[in-house]
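A short worksheet on the structure shown next.
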Protein chains: 2
Amino acid sequence: MNVRTLCLGILSFAQMTGYDIRKLAAEGNFSHFCEANYGSIYPALSQLTKDEFVVFTDEALDGKPPRKIYSITEKGRVHLFETLNKQPGPDRFKSEFLFYSLFQDKMPASDFRKLLVRKIAETRDTLESLEKANDCCDHGPSHFALGYGVAMNKAVLDYLKKYLASFDTTQKEATESLSDKD
Amino acid sequence: MNVRTLCLGILSFAQMTGYDIRKLAAEGNFSHFCEANYGSIYPALSQLTKDEFVVFTDEALDGKPPRKIYSITEKGRVHLFETLNKQPGPDRFKSEFLFYSLFQDKMPASDFRKLLVRKIAETRDTLESLEKANDCCDHGPSHFALGYGVAMNKAVLDYLKKYLASFDTTQKEATESLSDKD
DNA sequence: ACAAAATATATCAATTCGATATATGGTCTA
DNA sequence: TAGACCATATATCGAATTGATATATTTTGT
């Protein structure tokens, strides 16, 4: 699914600027399952305008900085739901952290522990923000997606915490068995 | 993390061809947390060769098709672990399925149900293959990452199954209340 | 013996990322 | 109240990546 469809979908909920779309996709309630940058959003909006799937009101009053508020058109709505009739592609998960974990045995134990602790903190933060959003806009269109994110992050947090505990136990045992030999 | 680092990391475990790297990243034990196509892998290997981080033996014997087996060099290994000393970037999750779910209320219930059922089947397949891999290469370097994937997919599967059940209950109630009014 | 699938390298247009440039409005504080 | 700083907002550009395709040989299945 390309950024054009993403923009069109977001605009089907409310009219907004390119800046707003980027905020939703990169920081807001949609950010845990999609992403887009200015560098793809603005060209996408230009193309959507050309295709007459969206229109914008140029709010350039009183010498204020131009502010293009985009709205979806009927034609755009039709196109969106045609697109949505196709099978969705597979989920994509990329984790630099998990890639790093492949080299766990080749780095000092304390280094990997730091990675674990940091990841736990990050996951906790993500989980909290998703739970807050889920409580807040209950019954909204993103309720299902937020619940999905909560379930995923809970499981990950649990896995990481258990791994950290077993990691520390193993390290302690290794130290003790080392001091036995001294 | 770029494809160059990905290739270098994979080659630090074993020498192999570009084709093999792509298989590992797109279908193998690493595929649930990273991805790369030929279009980025082959240029990456060229660059790594230029930088002397890898070397290849050109196995073009007896007029056979050329087959470049890449190996990491000592220089490459040093570079890899320098890179691995930096903080890993955040995980990225993209889900077209979750994007589609935003429009749940705007499509026929049976359409969304189909999406759910399909997603459940896919997740079950992914989970099974991850569990199999995890049993198989226990204690290998990807053990932690596989366990992470298993935990995540288990949670997702559980969430989806519960949602489907509640979905069907709601639909049934809606139908009954409709027939009451008839 | 033949067809189909897997192995293997490579390239290319289209897309997307990530960073940066530019400019205004609002808020905080010394 | 001046200055600093951050949020809002549009836009562009080189670099990186995707996704599809071309080509050719070997292996596997029937």
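Proteins come first, then strands; the chains are lettered A, B, ... in the order of their sequence lines, and each starts at number 1.
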**Message:** Rounded to whole Å, please give me the gap between NZ in Lys68(B) and C1' in dT7(C).
**Reply:** 16 Å
What N/O pairs connect the protein and nucleotides 17-21 of chain D at under 3.5 Å? Give each pair on its own line.
unit_1: dT17(D); atom_1: OP1; unit_2: Val3(B); atom_2: N; d: 3.4
unit_1: dT18(D); atom_1: OP1; unit_2: Lys94(A); atom_2: NZ; d: 3.2
unit_1: dT18(D); atom_1: OP2; unit_2: Ser40(B); atom_2: OG; d: 3.4
unit_1: dT18(D); atom_1: O5'; unit_2: Asn37(B); atom_2: ND2; d: 3.4

**Tyr148(A) side chain vs Phe33(A) backbone, donor-acceptor pair below 3.5 Å** = no
**Asked** Angle class for the Phe167(A)/Phe112(A) ring planes (parallel below 30°, perpendicular above 60°, tilted otherwise)?
**Response** tilted
**Message:** Quiz question: by atom type and distance under 3.5 Å, do the side chains of Thr5(B) and Asn2(B) form a donor-acceptor pair?
**Reply:** yes
**Item:** Atom pair distance, as rounded to whole Å: CZ in Arg67(A) and C1' in dA11(D)
**Value:** 16 Å
**Asked** Rounded to the nearest 0.5 Å, how far apart are CZ of Arg77(A) and OG of Ser71(A)?
**Response** 10.0 Å
**Request:** Could you check how far CG of Leu45(A) sits from P of dT15(C), rounded to whole Å?
**Result:** 15 Å
**Request:** Verify whether one side chain among Asp20(B) and Thr17(B) offers a donor that lies under 3.5 Å from an acceptor in the other.
**Result:** yes
**Message:** Can you measure Leu48(A) atom CG to dT10(D) atom P for me and round it to whole angstrom units?
**Reply:** 14 Å
**Asked** Taking the six-membered ring for Trp, are Tyr38(A) and Tyr19(A) parallel (under 30°), tilted (30 to 60°) or perpendicular (over 60°)?
**Response** parallel
**Asked** Does the separation of the ring centres of Phe56(B) and Tyr70(B) fall below 6.0 angstrom?
**Response** yes
**Request:** Starting at atom OH of Tyr42(A), determine the distance to atom C1' of dC17(C), rounded to an integer number of angstrom.
**Result:** 16 Å
**Item:** Near-strand residues of residues 15-24 of chain A, defined as heavy-atom separation under 4.0 angstrom from DNA chain C
**Value:** none
**Fill in**
With sequence neighbours left out, the residues meeting ring pair (Phe, Tyr, Trp, His ring centres under 6.0 Å) with Phe99(A) are Phe103(A)
